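Letters A, B, ... mirror the listed sequences (proteins, then strands); counts begin at 1. Please read all numbers here as calculations on a predicted model, not as lab measurements.
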Amino acid sequence: MAKEITPRSEDYSQWYLDIVHKARLADNSPVRGCMVIKPHGFAIWENMRDALDGMFKATGHVNAYFPLFIPKSFLSKEAAHVEGFAKECAVVTHYRLKNDPNGGGVIVDPEAKLEEELIVRPTSETIIWNTYRDWIQSYRDLPILLNQWANVVRWEMRTRPFLRTAEFLWQEGHTAHASADEAMAEAKLMLDVYAQFAEEYMAMPVIKGIKTPNERFAGADETFCIEALMQDGKALQAGTSHFLGQNFAKAFEVQFLNKENQQEYVWATSWGVSTRLIGGLIMTHSDDDGLVLPPRLAPTQVVIVPIPKPAPELTEAAEKITAALRAKGIRVKIDNDDQNRPGFKFAEYEMIGTPVRLGLGARDLAAGQVEVARRDTKEKSNVALDQVADYIENLLTEIQQNLFNKAKAYRDEHITRVDTWDEFVEVLDNKGGFVSAHWDGSTETELAIKEKTKATIRCIPVDNPLEDGVCILTGKPSTQRVLFAKAY
RNA sequence: CGGGGCGUAGCGCAGCCCGGUAGCGCACCUGCUUUGGGAGCAGGGGGUCCCAGGUUCGAAUCCUGGUGCCCCGACCA
């Protein structure tokens with residue numbers, strides 16, 4: 001093996017970075033905390049984006065675009081919001097450069113200082129609600145169901161490709177409603193959309209839940225989330241949906257005239273998922289040989305490798321297979337590169353996560369078959385050429401399902417119920433995963449637990465059963481269990 | 001911003017202690033032989049040794065000051 005990936009057992013973080021680089025997903029950039037998303041990584045994002053965009057539209061949403069820059073004064077209008085984001089904002093202070101009179105290249109022109117500084121958006125609630133004020137007069141203008149695909153910047157102290165970068169790509173939905181109930185229903189609906197996307201497309205099982213006040217989005221009355229579990233036992237917040245109450249409507253004076261001819265503040269939601277999902281995808285399925293992609297998101301689902309090298313009769317057979325697969329909507333490519341040998345290509349496609357590989361040589365043609373290798377289990381089988389299209393169509397479905405089942409089995413095995421502090425610490429330190437335990441409901445206790453164990457409350461699962469118990473730390477009475485975990 | 005480590009070819013590194021022609025592996029280029037699980041041989045190209053100053057006949061190497069990156073903590077989709 002010429003291009004080794006650090007085994008997970010040796011160094012999980014290094015394994016993750018190796019996958020990102022060796023599967024050609026992203027490169028480091030000259031800018032601290034930012035990354036270059038390479039074509040293969042971006043193709044995965046495009047598939048995610050297209051699937052989500054379709055789901056948003058199917059639930060009545062439309063796309064729009066708001067500016068990258070936000071006037072500084074906007075951010076400060078909602079108290080909790082500014083408190084939450086102020087520490088990680090990039091600020092534009094000048095609008096011009098000039099040649100350094102001392103010959104040191106270009107410098108910021110001190111005469112080109114902005115009257116009001118601009119914030120590079122960390123999220124767009126403020127600029128959008130400032131705009132909604134003009135758009136909303138009456139209940140007839142509601143609801144507004146809007147989404148935007150954009151980049152945002154949060155000046156993080158420590159970054160990791162996809163999981164946490166200073167700039168990232170995401171979508172942010174921003175909706176406006178005439179009633180609290182309707183807004184709450186919207187926030188929950190979008191949570192369901194995210195959960196469905198994670199499980200059906202990413203094959204990543206998620207727990208839908210509610211954040212504690214401490215973990216809530218800055219400016220929200222309620223934050224819903226989907227939480228996934230990575231192979232190293234750490235949790236990943238994969239998406240959030242917020243019921244914003246009337247907080248932003250009040251901050252930006254957005255009122256509407258209701259049917260009773262009374263002025264009322266508008267109710268709001270916002271919801272987002274980001275390129276972080278790619279990090280989750282990697283850490284849910286991949287192995288020590290490289291990336292493993294679920295077929296529904298794989299840029300190429302099937303690759304055909306001529307053996308030992310491209311030849312007219314092999315190409316002819318490969319093209320027939322390709323046509324049959326494309327007719328079924330399967331994304332397939334023929335590798336007609338004649339520089340690298342089959343062994344190299346096999347390893348390469350395993351590295352980049354292509355779900356199915358077909359090996360096609362003279363021997364196969366003579367036998368009227370093709371060698372089918374699946375990435376998830378590494379199993380190979382020989383399939384008759386005239387049946388290969390149906391076989392692969394089923395196989396892709398099976399791989400998708402198998403990846404989900406495997407991830408779900410792992411996740412379910414790593415939800416541990418504990419009732420004592422000693423068990424709690426023991427499970428977090430050794431087994432990892434989610435720990436289901438009683439908590440007295442106070443932020444103080446939540447922070448104390450975080451201080452002692454580094455574990456945070458990931459969520460209170462939706463439809464959580466009520467159950468009398470005592471808090472794991474304080475022994476105070478509790479009415480339900482919550483999910484703790486160490487998290488990304 | 002605290003604590004640790006590292007800047008030498010596209011990538012990964014050795015050389016530094018003990019100053020004296022800048023090296024190795026991978027990648028790249030050319031040719032031949034290969035080709036059913038990461039090919040072999042031969043030849044070849046590629047460097048402001050992070051920056052600035054100092055010591056010295058001479059600095060990748062020693063000294064001083066910068067600077068960038070990585071890891072560990074506090075913040076986070």
Pair listing, side chain to side chain donor-acceptor pair (under 3.5 Å) test, anchored in residues 350-362 of chain A, at least two apart: A:E350-A:R357

Near-strand residues of residues 186-210 of chain A, defined as heavy-atom separation under 4.0 angstrom from RNA chain B: none

Pairing residues for A:E117 by the side-chain hydrogen bond (donor to acceptor under 3.5 Å, both in side chains) criterion, not counting sequence neighbours: A:K72

Name the atoms and distances for all side-chain donor-acceptor pairs under 3.5 Å in residues 38-50 of chain A, with sequence neighbours left out.
from: A:H40; atom 1: ND1; to: A:A23; atom 2: O; distance (Å): 3.0
from: A:N47; atom 1: ND2; to: A:L297; atom 2: O; distance (Å): 3.0

Report all interatomic pairs (protein N or O, nucleotide N or O of nucleotides 34-36 of chain B) with separations under 3.5 Å.
from: B:rU34; atom 1: O2; to: A:R341; atom 2: NH1; distance (Å): 3.2
from: B:rU35; atom 1: O4'; to: A:R341; atom 2: NH1; distance (Å): 3.3
from: B:rU35; atom 1: O4; to: A:K309; atom 2: NZ; distance (Å): 2.7
from: B:rG36; atom 1: O6; to: A:A362; atom 2: N; distance (Å): 3.3
from: B:rG36; atom 1: O6; to: A:R363; atom 2: N; distance (Å): 2.7
from: B:rG36; atom 1: N1; to: A:D364; atom 2: OD2; distance (Å): 2.5
from: B:rG36; atom 1: N2; to: A:D364; atom 2: OD2; distance (Å): 3.1

Sugar-phosphate, base or nothing in reach of A:E172, heavy atoms under 4.0 Å: nothing

Where at least one partner belongs to residues 364-381 of chain A, residue pairs that pass side chain to side chain donor-acceptor pair (under 3.5 Å), sequence neighbours excluded: A:D287-A:R375, A:D289-A:K378, A:R374-A:D376, A:R374-A:T377, A:R374-A:E398, A:D376-A:N402, A:T377-A:E379, A:S381-A:Y391

Ring pair (Phe, Tyr, Trp, His ring centres under 6.0 Å) partners of A:H81, counting only residues at least two apart: A:F85, A:F217, A:F248

Contacts of A:Y488 that satisfy ring pair (Phe, Tyr, Trp, His ring centres under 6.0 Å) - sequence neighbours left out: none

Could you go through nucleotides 7-11 of chain B and list every protein N or O atom that sits under 3.5 Å from one of its N or O atoms, giving the distance for each pair?
none

Residues, nucleotides or ligands: over 12 heavy atoms within 6.0 Å of A:K320 NZ: no

Of all pairs that satisfy salt bridge (charged side-chain N to carboxylate O under 4.0 Å, His left out), the ones with a partner from residues 217-231 of chain A, not counting sequence neighbours: A:K211-A:E227, A:R216-A:E222, A:E227-A:R458

Minimum-distance nucleotide (side-chain atoms of A:E88 versus B:rA77, B:rC75, B:rA74): B:rC75

Watson-Crick or G-U counterpart of B:rC41, or none if no pair lies under 3.5 Å: B:rG31

Ring pair (Phe, Tyr, Trp, His ring centres under 6.0 Å) partners of A:H61, counting only residues at least two apart: A:W271

hbond_proxy A:K380 side chain to B:rG37 base (donor-acceptor, 3.5 Å cutoff): yes

For residues 300-310 of chain A, run the donor-acceptor check on the side chains, cut-off 3.5 Å, and write out each pair with its distance to 0.1 Å, sequence neighbours left out.
from: A:Q301; atom 1: OE1; to: A:R331; atom 2: N; distance (Å): 2.7
from: A:Q301; atom 1: NE2; to: A:P295; atom 2: O; distance (Å): 3.0

